[in-house]
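Below is one structure, written out as structure tokens, with a few remarks after it.
For the numbers below, each heavy atom of this structure counts, side chains included, while hydrogens, waters and symmetry mates do not. In this chain, numbering begins with 1 at the start of the sequence shown.
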Amino acid sequence: MTRDYELYPDDDNGNVLWQMAEDGDDLSEPHEIEYSIAFQEQSQAEKCALYLLQEEQKITLFVDEESDVSEWIITIYVYMEPEYSDIVDLEQWFTKIAEQFGGEYDGWGCMAYVYDDEDDEDYEQGQA
């Protein structure tokens, strides 16, 4: 398969999507894509979480105690076809929201659904 740089530009998002396509993931099917925003302060994370809920976003909020410094992480779950321009648009929106509430946008990921020759499902994690 030859990479189409119109569909899969040469950047982190394009590379992840290209790798998913190369691995056999059907990108024309909707996936639940997880976007993350990190906060140092609980109060900032909670305010952002309320805002996202008011924007009708499906989210979780938790403390990441495994990192060197405890961070509050909001994960936003968006059910969509993993299309490059839509992912970039959402990243820009979530980056703006993160900055508005004193957080930092931390990337996206989703489960890749890969089928081998025998049609058995294998799952892999794609992240940008």
Side-chain angles (χ1 to χ4, degrees):
M1 182 189 312
T2 302
R3 182 169 177 167
D4 177 349
Y5 286 94
E6 293 281 323
L7 291 175
Y8 311 109
D10 190 13
D11 63 12
D12 288 343
N13 292 327
N15 292 339
V16 169
L17 292 170
W18 172 245
Q19 188 60 57
M20 290 170 68
E22 279 274 281
D23 290 343
D25 194 352
D26 184 355
L27 300 183
S28 68
E29 292 293 321
H31 291 58
E32 186 167 63
I33 299 181
E34 301 174 6
Y35 297 86
S36 296
I37 301 175
F39 294 87
Q40 298 300 315
E41 301 293 327
Q42 178 180 355
S43 62
Q44 294 169 312
E46 290 172 346
K47 287 176 187 174
C48 184
L50 287 174
Y51 175 81
L52 288 165
L53 289 171
Q54 290 171 339
E55 292 292 316
E56 299 182 0
Q57 298 300 308
K58 177 181 169 184
I59 67 166
T60 59
L61 172 62
F62 67 95
V63 178
D64 181 4
E65 296 175 347
E66 294 180 12
S67 64
D68 294 339
V69 178
S70 291
E71 289 184 303
W72 288 84
I73 306 295
I74 295 176
T75 303
I76 307 109
Y77 302 89
V78 180
Y79 191 68
M80 61 185 281
E81 289 179 23
E83 202 275 322
Y84 179 84
S85 63
D86 292 339
I87 289 172
V88 170
D89 288 347
L90 283 169
E91 280 192 312
Q92 291 172 349
W93 187 53
F94 292 135
T95 297
K96 192 171 160 182
I97 291 169
E99 291 170 356
Q100 178 181 340
F101 290 95
E104 183 177 336
Y105 174 73
D106 196 33
W108 66 273
C110 71
M111 295 300 290
Y113 302 100
V114 179
Y115 301 92
D116 65 17
D117 292 341
E118 298 169 4
D119 289 330
D120 292 330
E121 264 186 61
D122 296 327
Y123 299 96
E124 296 180 6
Q125 185 76 26
Q127 293 183 317

Can you name the one residue among I87, D25, D12 that meets side chain to side chain contact (heavy atoms under 4.5 Å, CB included) with L17?
I87
Which residue pairs pass the salt bridge (charged side-chain N to carboxylate O under 4.0 Å, His left out) test when at least one of the two sits in residues 92-104, sequence neighbours left out?
none
Just grab all the salt bridge (charged side-chain N to carboxylate O under 4.0 Å, His left out) pairs involving residues 51-62, residues at least two apart or on different chains.
E32-K58
Report the residues that fulfil side-chain contact (heavy atoms from CB on, under 4.5 Å) with [X], sequence neighbours left out, ordered by chain and then residue number.
X   : result
E46 : Q42, L61
Q44 : F39, E41
E65 : V63, S70
E81 : P30

Taking side-chain hydrogen bond (donor to acceptor under 3.5 Å, both in side chains) as the test, write out the residues that go with [X], two or more places apart.
X   : answer
Q57 : none
Q92 : none
D86 : none

Any ring pair (Phe, Tyr, Trp, His ring centres under 6.0 Å) pairs touching residues 66-104, not counting sequence neighbours?
Y35-F94, Y51-F101
What pairs of residues pass the ring pair (Phe, Tyr, Trp, His ring centres under 6.0 Å) test when at least one of them lies in residues 1-20, not counting sequence neighbours?
Y8-W18
Going from CG on L90 to OG on S85, what distance comes out if it is rounded to the nearest 0.5 angstrom?
10.0 Å
Looking only at heavy atoms, the pair that brings E29 and P82 closest together is O-CD, 3.5 Å
Does the side chain of D23 pick up a donor-acceptor pair with the side chain of Q19 at under 3.5 Å?
yes
